K.L.:
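Got a structure for you, questions after.
Only a predicted model underlies this, so the values are computations on that prediction, with no experimental measurement involved. Just follow the structure's listing: the first ligand is 1, and inside any ligand the first atom is 1.
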Amino acid sequence: EEEKRISYEEKLEICDHSVAQKLLEIASEKKSNLIVSADVTTTQELLDLAEKVGPHIVALKTHMDIIMDFDPDGTILPLKDLATKYNFLLMEDRKFADIGNTQELQFAYGIYKISNWADFVTAQVIAGYESLDCFRNVGVVAILGMSSKGTLTDSDYREAATKIALSHPNVFGGVSQNKTPNELLLFTPGINLAEAGDDKGQQYNTPQHAFEQLETDFIIVGRGIYKSEDAEKAALSYKIAGWNAYEASL
Ligand code: BMP
């Protein structure tokens, strides 16, 4: 018989990072494995999107450095309120990729002061194990493999990156287009129900593919939701598609 994926409840037993636990609890509670990628460029659009999709998501993924009018009070405070109101986490997709000392500065200083508000961040592991030591007070999701055409994350890279992710106490998950060990939560972007890709190298798969083939834990959807006419309705569709695909894979 084919081996079945393990459930969110079973993952809760083996993933002991507090942020991983929180995400798994929210997933079970909201019956959702959807993360919306809020790649919008103004505070108003960000807050409008968060208000619409909030009830349906486990986390909102941000690229805070694309917000033109970013303001710690005007942007972060209301976003935090929405995260509390709708019970989702804030995932800053910063993809840190430098030596530890520089990342520590990028994490806590500058305009965005990510360490003040993000529940978890993404980081490349290109600079090695110790470069991840600085993310003490949040969780880290390591970039193990990328969705774009021609990415350098071949199987040797992914294997080495996965070793770092598994062994580092700050890391509880990975972003990848490939299966990862059960001890890591798997986050899969490059998900779209209508498109196969864009004209800038992005490649898309369906939620079904992500759950059946990769046994992913969370799907990340950007343009499929925020570019659609009704973002709330689209989020609900992806949430249902993701949850059905998860249940079918159990
Ligand atoms: P979209 O669904 O609109 O293609 O957006 C995908 C989002 O996921 C973007 O924010 C992108 O930065 C991110 N992402 C990705 O597409 N592929 C990866 O391999 C890693 C990512 O973080």
K.L.:
Of I57, I26, V58, which meets side-chain contact (heavy atoms from CB on, under 4.5 Å) against L89?
P.N.:
I26
K.L.:
Please list every donor-acceptor pair under 3.5 Å in which a side-chain atom of residues 120-127 meets a protein atom from a residue at least two apart or in another chain.
P.N.:
residue	atom	partner	partner atom	Å
T122	OG1	D93	OD1	2.6
T122	OG1	R94	N	3.3
T122	OG1	K95	N	3.0

K.L.:
Please list, chain by chain and in numerical order, all residues satisfying ring pair (Phe, Tyr, Trp, His ring centres under 6.0 Å) with W117, sequence neighbours excluded.
P.N.:
none
K.L.:
For residues 13-25, which side-chain donor-acceptor pairs fall under 3.5 Å, sequence neighbours excluded?
P.N.:
residue	atom	partner	partner atom	Å
H17	ND1	V19	N	3.1
Q21	NE2	L12	O	3.0
Q21	NE2	C15	O	2.8

K.L.:
Look at K11 together with D217 and state whether they make a salt bridge at an N to O cut-off of under 4.0 Å.
P.N.:
yes
K.L.:
Any chance you could measure H168, atom NE2, to F135, atom CZ, to the nearest 0.5 Å?
P.N.:
9.0 Å
K.L.:
Note every protein N or O atom lying under 3.5 Å from an N or O atom of ligand 1, pairing the names and giving the distance.
P.N.:
residue	atom	partner	partner atom	Å
ligand 1	2 (O)	G222	N	2.9
ligand 1	3 (O)	R223	N	2.8
ligand 1	3 (O)	R223	NE	2.7
ligand 1	4 (O)	Q202	NE2	3.0
ligand 1	4 (O)	Y204	OH	2.7
ligand 1	4 (O)	R223	NH2	2.8
ligand 1	10 (O)	S37	OG	3.0
ligand 1	10 (O)	D39	OD1	3.4
ligand 1	10 (O)	D39	OD2	2.7
ligand 1	10 (O)	K61	NZ	2.8
ligand 1	10 (O)	H63	NE2	3.0
ligand 1	12 (O)	H63	NE2	3.0
ligand 1	16 (O)	Q202	NE2	2.8
ligand 1	17 (N)	S147	OG	2.7
ligand 1	19 (O)	S147	N	2.8
ligand 1	19 (O)	S147	OG	3.4
ligand 1	22 (O)	D93	OD2	3.1
ligand 1	22 (O)	K95	NZ	2.7

